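Step one of this worksheet: look at the structure below.
For reference, positions follow the sequence shown, starting with 1. This structure is a prediction, so every number in the text was calculated from the model and none was measured.
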Amino acid sequence: MAFLSRFKLSTIIILFVLLVVLVSLVITNLLVADTSGDRIEQQLEDKAVSISRTAAESQVIHQGLEREAAEANIQDYALAVQQAADVSFVVVMDMDGIRKSHPNPDNIGKAFAGGDELRVLAGEEYTSRAEGTLGQSVRAFTPVFNEDDNQIGAVSVGISLEEVEAAVGQNRQTIWIGSLTGLLFGIIGALYLARYIKKSLFGLEPPEIARIHEERNQMLHSVYEGVIAIDQNSRIMLANRSARELFEKAGFTGREPIGKEIHDFLPGLKTHRVLLEKHTVLDEEQELNGLSILSNQVPLLVNDQVIGAMVTFRDKTEIDLLAEQLTGVEMYAETLRAQSHEFMNQLHVLLGLIKMEQYEQVSQFIAKLVDHQAVEVGNVTRSIKDPVLAGFILGKISFAREAQVNLSISCETDIPKPDDPAVTHELITIIGNVVDNAIDNVQATEHKQVHAAFSYIDELLTITISDTGTGIDEELQETMFEKGVSSKEGYHRGFGLHLVKNSVDQLEGSIEVASEKNEGTTFELVLPYEARGETDD
C-alpha cells in the first residue's frame, strides 16, 4: 500500500469507491444475466407447454383427429392459437406423425420434421430443441387423448430460438445499461464523498493528520500542568502525563481516568456551569484527595455548541512557593526602590546644608538619621524572628514613608518563626494587602496614620491593623471579600481583600472588621500559629 501515499486522499477515495462499485456491478451483472437468461428460457418453455396442453384439450382438435370431416377445422384453430399466443407454430399430428396443421399449409399432410416427436406419440409430455422446417426452435409436446383415454394424436408448440436469444439479449442489454448507470452514479457519489471527507478534515492529507496528531500528543504531554478533556457528560476523554502524575500523587494509583466521571477524581469541580452555561471558571482552588490544587475550566465550543470542556490544574503548593519567591523578590525590589528614593532626598538635604556651610546641622542630621534607622530596624528585627516577614515589614515602612504615611509597628510579644514556611507566604499576603488598603484609605485625610500591632499567645497570632482613613461603607463591608468588589475604580481592582480572605481561611483563622465613616478602619485577624522549636532555629 506504500504506492498509495503518492496520491491525495480524494484520489484514493475515488479510486477505491469506483473499484468497489465496478467489481460489485460486474459480479452482479454476470450473476443476474445468467440467472435472468435461464429464467427467460424457462418461462418460454413453460409458455409453450401451457399452450400445447390447452390445445390438446380442445374439442376442435379431438373432433378433427377422430372424424375426417372435421379435420379442416384443426388448421384454423391452430393458426388462431398461434397468432393469439405469439408463438412460431402450433402443429397437430396424428398417431403416424402426419401434420394436420402447420403455419405453411403446403406442409399439411406431411410427416413431422425434426425427429423429436417419437416420445410424444408414445404418450409422453416433454420439451426439446430441434430444427424443423421453420428453423431452430424450443418445442413443447403434449399427447392428445380421447374420452376413452386412448391417444389419438399429439400437439407440438414451438418458439423460435432466435426469439429466445433476442429476449435474453435484450434483458442482458437492460442489465448492462443499469450497471453503467449505477457506475455513473458511483463516480458522482465518489466525487461528492471525497469532497465531503476532505472538507471534514479541513483539507488535510493523512500524513498531515498523522503529523498533527503526533505533535498534539507531544505538546500535550510536555505541558507541566495537568490537562484533562471531558465530554458533554463530564466523562474524561483525555488526560496528559502531568494529570496522571498528580492523580498518583493524590493516591489514585492504578486508576485509569479515561472514560470515568471527572467528579470521581475532582469532586469539587463545577462542570455544570461550564457545560450548561458556557461559563469559564479560572483559578479555582480544589481538593484532590487531600492535595490542594488550582484549576481552570474552559468550555469547548463548536458552532456555538458545547461539546465538552478543558480542565487544567496544578499543585497549589508549587504555586504558593513560586508566589512566595516572587513576593520576596518584589518586596526586596520595592524596599530598595523606596529606600533609594528616601536616601536621595536625604542626600539633597545634606548637599544643601553643606553648600550653606551649616556643618553643625549636617552633623546633627546625620546623627538623627543613624539613630532613627537603628531604632526602626532594630525594633522590627528584634521582635519578629522570621527574617522574610521582618524584611517585608521594613519594606512596607519605607513604602509608607515614601507615600507620606506614618506606618508604626508594635509587638506586644516576640513573634517566632512559623513551623511551616508556607505560613510566611500567607502572612505576607494578609499583611501586605491590608496595609496597602490602609495606606490608600488615609491618602485623603490630614493625619495619615497606620498602625500594625502583633502579639503571639497560646499558639495564636493576633494582628491588628488600624488606620485613620475615610472608612468603609456599610454596604461594601458585606461584600468586600468577594473577588472583583472594590470601592476604587480601575483595572485589576477588588482582588486584595479576596486574597486576604482566602489566606485566612487557609490558615483556619478569623477576621473582624470595625469601620466608621471618616474615623478609620481596624482589621483584627486571629490566626492559629505553630512556632518552630528552638532546635530548628
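With rounding to the nearest 0.5 angstrom, the CG atom of Leu525 is 9.5 Å from the CG atom of Leu427. Annotation: the span from Ile230 atom CD1 to His263 atom NE2 amounts to 7.5 Å, rounded to 0.5 Å. In this structure, NE2 in His425 is found 8.0 Å from CD1 in Ile428, a value given to the nearest 0.5 Å. To the nearest 0.5 Å, atom CG of residue Asp116 and atom OG of residue Ser156 are 7.0 Å apart. Expressed to the nearest 0.5 Å, how far CD of Gln42 lies from NZ of Lys47 amounts to 14.5 Å. Here the straight-line distance linking atom CG of Asn73 with atom CD of Gln63 works out to 8.0 Å at 0.5 Å rounding.
In summary, the side chains of Asn502 and Gln506 do not present any donor paired with an acceptor at a separation below 3.5 Å, with no hydrogens or angles considered. Looking only at atom types and distance, the side chain of Glu225 has no donor-acceptor partner in the side chain of Thr312 under 3.5 Å away.
Inter-residue side-chain proximity for Val144 and Leu65 is flagged as met; some heavy-atom pair is nearer than 4.5 Å. Contact check for Leu527 versus Val504: side-chain heavy atoms found under the 4.5 Å cut-off. You'll find the side chain of Val120 stays beyond 4.5 Å of the side chain of Thr142, heavy atoms only. In this structure, Leu300 and Met310 have side chains that are in contact, with non-hydrogen atoms separated by less than 4.5 Å. The shortest distance between side-chain heavy atoms of Glu66 and Asn146 falls below 4.5 Å. Counting only heavy atoms from C-beta outward, the side chains of Leu301 and Ile307 never approach each other to under 4.5 Å. Taking the side chain as every heavy atom from C-beta outward, Ser242 and Val227 never approach each other to under 4.5 Å. At least one side-chain heavy atom of Met480 sits less than 4.5 Å from a side-chain heavy atom of Ile472.
Taking the six-membered ring where the residue is Trp, Phe89 and His102 present parallel rings, their angle staying beneath 30° rather than reaching 60°.
Ring to ring, Tyr192 and Phe185 are not that close: their centroids are 6.0 angstrom or more apart.
Checked for salt-bridge contact, Arg53 and Glu125 meet the test: a charged N lies under 4.0 Å from a carboxylate O. A salt bridge does not link Glu45 to Arg139: none of the charged side-chain nitrogens sits closer than 4.0 Å to a carboxylate oxygen. Between Arg99 and Glu117 there is no salt bridge, since none of the side-chain N atoms of the basic residue sits less than 4.0 Å from a carboxylate O of the acidic one.
Residue Ser503 comes nearest to Glu426 through the heavy atom pair OG-OE1, 2.7 Å, listed as atom of the first residue, atom of the second, then distance. Tyr77 and Thr54 make their closest contact through OH-O, 4.2 Å (heavy atoms, listed as atom of the first residue, atom of the second, distance). The two atoms that bring Asp94 and Asp96 nearest to each other are OD1-N, 2.9 Å, heavy atoms only. Of all the heavy atoms in Ile51 and Ala85, the pair that sits closest is CD1-CB, 3.2 Å. Between Ile228 and Ile236, the closest heavy-atom pair is CG2-CG2, 3.8 Å. Closest approach of Ala154 and Leu121 over heavy atoms only: CB-CD2, 4.4 Å.
Within 6.0 Å of NZ in Lys260 there are more than 12 heavy atoms belonging to other residues, nucleotides or ligands. Other residues, nucleotides and ligands contribute only 12 or fewer heavy atoms inside 6.0 Å of the CE atom of Met237. For Glu248, the CD atom is densely surrounded, since the number of other residues' heavy atoms within 6.0 Å is greater than 12.
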Under the criterion side chain to side chain contact (heavy atoms under 4.5 Å, CB included), I'd like the reasoning laid out for Phe481 against Ile511: C-alpha separation, chi angles, the key distance, then a yes or no.
CA-CA 11 Å; Phe481 291 111; Ile511 307 175; 3.9 Å; yes
Could you walk me through whether Ile98 and Met93 pass the side chain to side chain contact (heavy atoms under 4.5 Å, CB included) check?
CA-CA 5 Å; Ile98 302 301; Met93 69 189 80; over 6 Å; no
Decide side chain to side chain contact (heavy atoms under 4.5 Å, CB included) for Asn240 and Arg244; before the verdict, give the C-alpha distance in whole Å, the side-chain angles of both, and the deciding distance to 0.1 Å.
CA-CA 6 Å; Asn240 72 342; Arg244 294 173 183 270; over 6 Å; no
Should Leu118 and Phe112 be marked as a side chain to side chain contact (heavy atoms under 4.5 Å, CB included) after you check the CA-CA gap, both sets of side-chain angles, and the distance that decides it?
CA-CA 10 Å; Leu118 299 179; Phe112 189 85; over 6 Å; no
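A donor-acceptor contact shorter than 3.5 Å is absent between the side chain of Asn104 and the backbone of Asn107. Side-chain atoms of His62 come within 3.5 Å of backbone N or O of Ala56 as a donor-acceptor pair. At least one donor-acceptor pair closer than 3.5 Å links the side chain of Asp231 to the backbone N or O of Asn233. Between the side chain of Ser101 and the main chain of Val90, a donor-acceptor pair closer than 3.5 Å is present.
Checking Asn296, Val298, Val274 one by one against Val281, the side chain to side chain contact (heavy atoms under 4.5 Å, CB included) holds for a single residue, Val274.
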